[in-house]
Number of protein chains: 2
Amino acid sequence: MTPYIKNIIKYGVIIFILLSTFKISELLLLNSIMSLDTYSFLIAIISILIGIYYSTKLSERKISSPYLTTIPIESNSVISKREMEVLLLLSKGLTNKEISNLLFISLNTTKTHLSSIYSKLGTNNRVQTIKAARESGIIEY
Amino acid sequence: MTPYIKNIIKYGVIIFILLSTFKISELLLLNSIMSLDTYSFLIAIISILIGIYYSTKLSERKISSPYLTTIPIESNSVISKREMEVLLLLSKGLTNKEISNLLFISLNTTKTHLSSIYSKLGTNNRVQTIKAARESGIIEY
DNA sequence: AAATACATCACCCAAAAGTATGAATTGAAG
DNA sequence: CTTCAATTCATACTTTTGGGTGATGTATTT
């Protein structure tokens, strides 16, 4: 099954569940099984969760931007945006765990990015990497 | 007025407005001026906005972190001759084993020197150490 | 529709780095 | 001669890092 079809089904199911929830709540409300307060509360909670979900989805790119403002990334750079963020934090002397926490990714992901950076710069430890990145102008001194 | 008081007032006003909106809507609903659908829609929209607002607030907080500040170092730190040699090789990106081989000392000795350097510069890993040493003029860039 | 790059995460394993403690030797300074 | 800092090394332990493989979801491009 293609990802496109998958998405349609996925969102279809989500919307169906949401609408069902709302309608069931409405029924319960109209039959006085549920109070208006409970009904409002339910809708509010669900809506807040939706708001949080979508804004985090949308702001995923924004979160990382501050680290990138200091140094403009060349479009033809072999280092990807995310890798550049990791690289910059690396050069500050942070541990992998600290980098992970700052970027809100798992330790494993940080390691994956680092491995990728290492292979791209032809290095095999962090100090060498920072040195190479500086000498090739990828990051500032 | 202190920012603390300001915040209390700010959030108080916001909560008041929100509660008022909800209660007015409820009144309009109960007097059949507003349909249940409109009522639900209103609550949903407001809640989604709240969700978006708070999640962006939270993601802003992620960005500003204490890790990005420069590391303060003691000015009265005295690096011995041998420690300096280790430090210089360290800054070239060599591993402890490589440093040990170059200086004809054991791995343990290199580690000891490094521990000493770390405590003198107030650091706890090699990248931080190189950074601190450069910023305090102990070694060149 | 398929290929590609990117970002994310997991698991495993091995090597390296870092921490703590103790100790022997040596050379310079008081 | 004693004291002290510097250098050397060891042992033991924990944490961090690095390497390799594979998987998933998403977005973009062809």
Side-chain angles (χ1 to χ4, degrees), chain A residues 1-11 14 53-54 56-65 67-68 73 75-130 132, chain B residues 67 76-87 89-130 132:
Chain A
M1 203 185 300
T2 65
Y4 183 66
I5 302 290
K6 263 192 187 171
N7 256 344
I8 289 180
I9 292 176
K10 185 174 120 191
Y11 285 108
I14 290 175
Y53 175 73
Y54 272 100
T56 46
K57 272 272 175 186
L58 289 176
S59 67
E60 266 169 10
R61 291 272 66 79
K62 292 177 191 168
I63 290 170
S64 51
S65 55
Y67 300 117
L68 299 175
I73 300 177
S75 55
N76 58 347
S77 174
V78 280
I79 303 292
S80 77
K81 264 188 203 175
R82 203 57 163 166
E83 284 164 3
M84 181 58 105
E85 293 173 332
V86 173
L87 184 53
L88 282 175
L89 293 177
L90 183 79
S91 72
K92 308 262 183 215
L94 304 192
T95 66
N96 291 351
K97 194 185 286 180
E98 288 168 338
I99 294 172
S100 309
N101 290 336
L102 278 178
L103 297 182
F104 288 89
I105 56 181
S106 81
L107 184 58
N108 286 315
T109 306
T110 301
K111 285 184 182 181
T112 305
H113 285 314
L114 277 182
S115 290
S116 172
I117 296 170
Y118 291 173
S119 79
K120 283 176 181 175
L121 296 185
T123 56
N124 39 35
N125 71 50
R126 37 188 64 216
V127 179
Q128 273 178 18
T129 302
I130 296 168
Chain B
Y67 292 111
N76 58 346
S77 59
V78 179
I79 304 292
S80 76
K81 243 189 253 176
R82 203 56 163 167
E83 285 164 3
M84 184 56 120
E85 291 175 319
V86 174
L87 183 53
L89 294 177
L90 183 80
S91 71
K92 307 274 182 206
L94 304 191
T95 67
N96 291 352
K97 193 185 287 182
E98 288 168 338
I99 295 172
S100 308
N101 291 336
L102 279 177
L103 297 182
F104 295 97
I105 56 180
S106 83
L107 183 59
N108 287 314
T109 306
T110 301
K111 285 184 180 183
T112 305
H113 285 315
L114 278 181
S115 290
S116 172
I117 296 170
Y118 291 172
S119 80
K120 284 178 181 175
L121 295 185
T123 55
N124 39 30
N125 69 51
R126 40 188 62 216
V127 179
Q128 273 179 18
T129 302
I130 296 168

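Bear in mind the structure is a predicted one, so any value in this text is a computation, not a measurement. Keep in mind that the numbers below use all heavy atoms, side chains included, and drop hydrogens, waters and symmetry copies. We name chains A, B, ... by the order of the sequence lines, and we start the count at 1 in each one.
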Query raised in the report: Whole Å only: how far is the CZ atom of B:Phe104 from the P atom of D:dC9?
Result: 12 Å
Requested in this report: Please report the shortest heavy-atom distance between A:Ile105 and A:Arg82, naming the atom on each side.
Outcome: CG2-NH2, 3.5 Å
Report summary line: Of the listed D:dA10, D:dG19, C:dG18, the closest approach to the B:Asn108 side chain comes from D:dA10
Query raised in the report: Under 4.0 Å: is that the gap between some side-chain N or O of A:Tyr118 and OP1 or OP2 of D:dG19?
Result: no
Requested in this report: Would you kindly give the NZ-to-C1' distance between B:Lys120 and D:dA6, to the nearest whole Å?
Outcome: 9 Å
Query - Length of the line joining A:Glu85:CD and C:dC6:P, which is rounded to integer Å - result: 14 Å
Query raised in the report: Is there side-chain contact between B:Thr110 and B:Leu103, with at least one heavy-atom pair below 4.5 Å?
Result: no
Report summary line: Per atom distances to the B:Thr109 side chain, the nearest of D:dT8, D:dG19, C:dT19 is D:dT8
Query raised in the report: About how many Å separate CD of B:Gln128 and OG1 of A:Thr95, when rounded to the nearest 0.5 Å?
Result: 8.5 Å
Report summary line: Partner of A:Arg126 under side-chain contact (heavy atoms from CB on, under 4.5 Å), picked from A:Leu114, A:Leu94, A:Leu87, is A:Leu114
Requested in this report: Just call it for A:Lys111: base, sugar-phosphate, or nothing, with non-hydrogen atoms closer than 4.0 Å on any strand.
Outcome: base
Query - Sugar-phosphate, base or nothing in reach of A:Thr95, heavy atoms under 4.0 Å - result: sugar-phosphate
Report summary line: Between CD1 of A:Ile99 and C1' of C:dA7 the distance, given in whole Å, is 16 Å
Report task. Examine D:dT7: is either OP1 or OP2 under 4.0 Å from a nitrogen or oxygen in the side chain of B:Ser80? Give yes or no. Result -> yes
Report task. Could you check whether A:Ser106 gets within reach of a base, just the sugar-phosphate, or nothing at all, counting any heavy atom under 4.0 Å? Result -> sugar-phosphate
**Report entry** Distance, rounded to the nearest Å, where A:Asn124 contributes CG and C:dA16 contributes C1'
**Finding:** 12 Å
Report task. Measure the distance from CD1 on B:Ile79 to P on D:dA5 and round it to the nearest whole Å. Result -> 16 Å
Query raised in the report: B:Asn96 near the nucleic acid: base, sugar-phosphate alone, or nothing, with a heavy-atom cut-off under 4.0 Å?
Result: sugar-phosphate
**Report entry** First encountered from the 5' end of DNA chain C, between B:Leu107 and A:Ile105
**Finding:** A:Ile105
Report summary line: Taking for B:Asn125 and for B:Leu103 the nucleotide of DNA chain D with the nearest heavy atom, the one nearer the 5' end belongs to B:Leu103
Report task. Would you kindly give the CD1-to-P distance between A:Ile130 and D:dG18, to the nearest whole Å? Result -> 10 Å
Report task. Find the distance A:Gln128:CD to D:dT17:P and express it as a whole number of Å. Result -> 15 Å
Query - Check: A:Lys120 and A:Glu83 side chains under 4.5 Å, non-hydrogen atoms - result: yes
Query - Short side-chain N/O contact to D:dT7 OP1/OP2 from B:His113, under 4.0 Å - result: no
Query raised in the report: Across the strands shown, which category fits A:Thr112 at heavy-atom distances under 4.0 angstrom: base, sugar-phosphate, nothing?
Result: base
